[in-house]
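In this text the structure is predicted, and so the values were computed from the model without any measurement.
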Amino acid sequence: MYLKEKPKFLPQLLSAIGVSFGATLVTGWVSFTSVAIPKMIKETTLNQTKVNEDDPMEMDLHTGSWIASLFSIGNIFGCLIGGFLNQKLGAKKIFLCLAPFAALSWAMVALSHHIWVIFLSRIISGVFFGIFQANGKVYNAEIAHPDFRGSLGAIIGNMASLGSVYMYLTGYLVHSWRSVAWLQLLPVCIFGLSVCFIPDSPYWLVERGRVDDARQSLIMLRGSRYDVETELVEIVNKKKRKEALGKSTLQTLCSRTFILPFLRIGTLIILTQWTGISVLGSYMVTIFIEADSSIDPTLAPILVCTVQQMFSLLATFILRVSPRKPLFLFCATGIAISQAGLGTYFYLMRLPGGEKGYGLVPVLCVVLVYSFRSVGCMAVIQLLVAESFPTEIRSYASGICGVFSSINNFGSTKLFPHFVDSFGFYGTFWMYSCVMCTEVIYGALSIPENKGESLVKTEDKMINDEKDNEDSMDYKETEKNLLGQLSGL
């Protein structure tokens, strides 16, 4: 007999944090180029008069753009296989397998004396990121009670900010980029240990026919004194309804069940990659050097990411109470204004004496971009990806969204030096601002409001499936019988 108690938050929080340590690895990989490329260019400059056959690497911004962008190529492949691996292994086993290979990718960087080794390690680490991208946010959404899903969905952003802070801090304190790579083994070890203690997703367990294990997972996540049967029967009944339709995974991916949510969310994801947010992460130190920042260019990113960390923590509470659509629109507008401000600063630098006395402006603009990103832009998009697709294709759909994100991220990151050559820094950041304005308009027209709803309900609403909702009325009696059967198991 269960008492009518609210679900416990702590077990869900700890599980989400354990998985989200993977995001610290991701932002470490992303931010590494920002830290390492200036160090490599400086090292190349110092060694120009010497011929060193043991360390023949030569670096400039265009070569560095390959190091930054090849990560996205690997990400494409990781996203494509992430959903398949989820169906076969489940998220927990996937995360356990990722940790040792993530450590290998950093060892390759630290020990490399040829640029192709770094290129290869970036592709490999991109594959691991794609697999995590297809499963991390989905796992956090599936273990979360509807009351907590917004807060737990923001945990990945918190841990991502922490990973950036750690990378920039080690880059500031440690002279050698090789030593910086070795130090990234610490978050890898923490991630590997933390995922040992998380439960499997109850949604995945039900999909595999393991209803008793799903019940135990929910009890572990919600607390032993919380009645999990109502939540469990909703998950099981949804699965039965889908089985009655007789669709395969491929048929579902080719149906409106996938296409309609993807058209809404995929467009937002593609536009986001051309707003310059990922470019700031990959080239932040270089941008601050070019902006003649009044703060040390290697110290400024630590300030930026520390502020981002604080706003990421704030987002955990904001998403619990705030409607998501207005929050997204406000934060996306803030990013557009901040990118326009950064472009205007670079434009004024071209004028005689135009930059004097304004060296804090680029730091402030980047701080605002990252803060708005953490509070309500990427957090809302990640929640939409995790909420909007049916259980049987959720990881596949997340992976496909990741593929489109990676393709466009590769393009924006690789083309950044070419944009700067063609338009200047000011024109490039004005362009990013215009793209974000377009995203604001599209978001206002397309984003649904899912706050406080179960994943089953958000799936139905996202595809406007009136027939499915009518069918759900026919299943009410079945649902009552199923609840009685589950209670007796």
Side-chain angles (χ1 to χ4, degrees), residues 34 161 164 267-295 297 300-301 303-305 307-308 311-312 315 325-381 405 408-409 411-447:
S34 181
S161 300
S164 295
T267 304
L268 288 174
I269 290 172
I270 291 170
L271 287 172
T272 300
Q273 297 307 318
W274 294 96
T275 60
I277 297 174
S278 58
V279 166
L280 288 175
S282 298
Y283 298 100
M284 192 183 299
V285 174
T286 302
I287 290 170
F288 284 141
I289 291 172
E290 293 295 328
D292 196 20
S293 167
S294 57
I295 300 178
L303 173 63
V304 170
C305 293
V307 175
Q308 180 193 16
F311 275 95
S312 295
K325 184 173 182 176
L327 181 64
F328 173 85
L329 297 178
F330 173 78
C331 292
T333 302
I335 291 175
I337 294 172
S338 302
Q339 294 284 48
L342 188 56
T344 302
Y345 172 84
F346 276 112
Y347 179 78
L348 293 176
M349 281 187 68
R350 301 168 67 248
L351 305 178
E355 78 281 6
K356 292 182 179 178
Y358 300 100
L360 284 176
V361 170
V363 178
L364 176 62
C365 289
V366 175
V367 165
L368 289 173
V369 169
Y370 270 68
S371 299
F372 286 126
R373 173 188 183 274
S374 298
V375 171
C377 186
M378 291 305 298
V380 171
I381 291 176
S405 174
N408 287 274
N409 186 47
S412 64
T413 306
K414 183 68 186 75
L415 291 175
F416 175 71
H418 299 281
F419 287 152
V420 171
D421 290 343
S422 300
F423 310 131
F425 277 92
Y426 64 93
T428 300
F429 284 99
W430 282 343
M431 177 187 69
Y432 292 150
S433 178
C434 291
V435 175
M436 183 53 85
C437 289
T438 304
E439 184 169 349
V440 170
I441 296 171
Y442 185 81
L445 298 174
S446 65
I447 293 178

Partners meeting side chain to side chain contact (heavy atoms under 4.5 Å, CB included) with V440 (sequence neighbours left out)
L329, A332, T333
Any residue meeting ring pair (Phe, Tyr, Trp, His ring centres under 6.0 Å) with W274, in chain and number order, not counting sequence neighbours
none
May I have all residue pairs that pass side chain to side chain donor-acceptor pair (under 3.5 Å) and include part of residues 277-289, sequence neighbours excluded?
S278-N409
Not counting sequence neighbours, which residues clear ring pair (Phe, Tyr, Trp, His ring centres under 6.0 Å) with F311? List them please.
none
So does V435 get a backbone contact from the side chain of T275, meaning a donor-acceptor N/O pair under 3.5 Å?
no
With sequence neighbours excluded, tell me which residues meet ring pair (Phe, Tyr, Trp, His ring centres under 6.0 Å) with F372.
F330
Output all residues satisfying side-chain hydrogen bond (donor to acceptor under 3.5 Å, both in side chains) with T344, sequence neighbours left out; order by chain, then residue number.
W430
Note: V369 and S338 closest approach over all heavy atoms is CG2-CB, 3.5 Å
Sorted by chain and residue number, the side chain to side chain contact (heavy atoms under 4.5 Å, CB included) partners of S405 (sequence neighbours excluded) come out as Q133, I269, Q273
Using the test side chain to side chain contact (heavy atoms under 4.5 Å, CB included), find all partners of S161 that sit at least two apart in sequence or belong to another chain.
Q308, Q309, S312, S374
Ring pair (Phe, Tyr, Trp, His ring centres under 6.0 Å) with F328: which residues, sequence neighbours excluded?
none
Tell me whether Y370 contacts the main-chain N or O of G281 through its side chain, where contact means a donor paired with an acceptor under 3.5 Å.
yes
Partners meeting side chain to side chain contact (heavy atoms under 4.5 Å, CB included) with A340 (sequence neighbours left out)
S433
Sidechain-backbone polar pair: Y345 side chain, A291 backbone, donor-acceptor under 3.5 Å
yes
Would you tabulate the side-chain donor-acceptor contacts of residues 417-425 under 3.5 Å, counting partners in other chains and residues two or more places apart, or write 'none'?
from : atom 1 : to   : atom 2 : distance (Å)
D421 : OD2    : H62  : NE2    : 3.4
S422 : OG     : H418 : O      : 3.0

State which residues pass side-chain hydrogen bond (donor to acceptor under 3.5 Å, both in side chains) with E439; sequence neighbours excluded, sorted by chain then number.
T272
